[in-house]
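Count residues from 1 along the sequence. Keep in mind that this is a model prediction, so the values were computed, not measured.
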Amino acid sequence: MLPGHVAYGLAAQYGLRISTATVLAWERGHAVPTGHELTALAGVLWCSPGELLTAARTLREHRTARRLTVEELAGQVGLMPAAYLRMEESGRWRGNERQSAALAEVLGLTAAGLVTVSGRDEELAELLRAAVTTRRQAPVRAVAKLVRLERGLLQDVLDQLHADYRALAASAPGRTGAVGEPPGEPSGATDDAERAFLAGITERFWRTAGMQGKST
């Protein structure tokens, strides 16, 4: 169905004045429909909202894919609707440990998905770079607080990443294997493989932990 036909269907069936340009922006990932718009869009296209969200990343996208209202999801995770809505609109989940566990269960989130909907992917990446390159305990403890992984598994994953990084560092020209540069700032002697390792540290972390990617 062409974007113009979709826009017409939204207006005729649901009374939504959505331009063809907006529909195109949705298709190209440059904009995201609201929950109501997504439900209407699914109706026009004869599919479920979940089918339109093949890689949901935000709280709103996950909630809409599960066909839950703000009130329903807030109730299931133990929050007032207004408090939950503020988190959804800000893109940063701020629930406590019990509420986070409930959110993960209701939305079917992995530990990786929970970090993503919390808006903390970049924070995790910075902590992982510090933990892998410097081996200081402070970033290791911070990672443990951020991700919902069993402590033994987390330590095994970080040990493996550290060993992999040391192997890359030792193979770089002029290096003896010592690792001590500031996280995310490789020296001039560090080769491209080492830089790529640090750039993709979050995906590598979840993959080593037995999880694929950052979605559900």
Side-chain angles (χ1 to χ4, degrees), residues 50 53-66 68 72-79 83-84 87-88 90-170 177 179-184 193-216:
L53 297 171
T54 55
R57 291 178 58 82
T58 67
L59 282 170
R60 175 172 293 167
E61 289 173 353
H62 280 289
R63 174 178 61 77
T64 304
R66 297 281 175 172
L68 294 170
E72 289 170 339
L73 181 54
Q76 292 187 54
V77 300
L79 285 169
Y84 168 79
M87 296 182 196
E88 183 175 285
S90 70
R92 294 182 69 84
W93 169 253
R94 288 293 178 266
N96 58 33
E97 185 175 350
R98 178 182 60 79
Q99 291 165 339
S100 295
L103 183 76
E105 181 177 356
V106 173
L107 297 183
L109 299 172
T110 62
L114 185 58
V115 171
T116 296
V117 300
S118 299
R120 305 180 74 178
D121 278 332
E122 185 52 41
E123 178 184 350
L124 175 61
E126 291 177 1
L127 291 172
L128 289 173
R129 284 191 286 268
V132 168
T133 60
T134 68
R135 206 53 175 163
R136 293 193 300 266
Q137 286 302 304
V140 173
R141 289 193 295 269
V143 171
K145 291 181 179 179
L146 183 56
V147 302
R148 296 180 66 243
L149 289 181
E150 189 272 324
R151 188 59 183 262
L153 172 60
L154 175 61
Q155 191 62 59
D156 288 345
V157 171
L158 292 177
D159 287 344
Q160 183 61 57
L161 293 177
H162 180 64
D164 292 345
Y165 181 77
R166 283 185 63 89
L168 285 174
V179 177
E181 297 89 352
E194 195 173 340
R195 294 176 186 275
F197 184 98
L198 294 177
I201 191 66
T202 304
E203 290 292 335
R204 188 179 294 270
F205 170 77
W206 292 122
R207 188 166 59 249
T208 305
M211 301 178 188
Q212 295 298 318
K214 300 176 286 187
S215 56
T216 59

Closest non-hydrogen atom pair, Leu149 against Ala111: CD2-CB, 4.2 Å
Heavy-atom pair with the smallest gap, counting every atom of Gln76 and Leu68: NE2-CD2, 3.8 Å
Minimum-distance pair of heavy atoms, taken over all atoms of Leu154 and Ala144: CD2-CA, 3.4 Å
Derivation and outcome, side-chain contact (heavy atoms from CB on, under 4.5 Å), residues Trp206 and Val147: CA-CA 10 Å; Trp206 292 122; Val147 302; 3.8 Å; yes
Donor-acceptor pair, side chain of Gln99 and main chain of Asn96, under 3.5 angstrom: yes
Gln160 versus Asp156, side-chain donor and acceptor atoms under 3.5 Å: no
Intermediate values then yes/no, side-chain contact (heavy atoms from CB on, under 4.5 Å), Leu73 and Leu103: CA-CA 8 Å; Leu73 181 54; Leu103 183 76; 4.2 Å; yes
Any Gln155 side-chain heavy atom under 4.5 Å of Val140 side chain: yes
Electrostatic pair Glu122:Arg92 at N-O distance under 4.0 angstrom: no
Tyr84 side chain near Arg63 side chain, heavy-atom distance below 4.5 Å: yes
Considering all heavy atoms, the nearest Thr58-Val117 contact: C-CG1, 4.1 Å
Minimum heavy-atom distance Ser100-Gly95, with the two atoms named: OG-O, 3.5 Å
N/O donor-acceptor pair under 3.5 Å between Ser90 side chain and Met87 backbone: yes
Heavy-atom pair with the smallest gap, counting every atom of Leu107 and Arg66: O-NH2, 3.0 Å
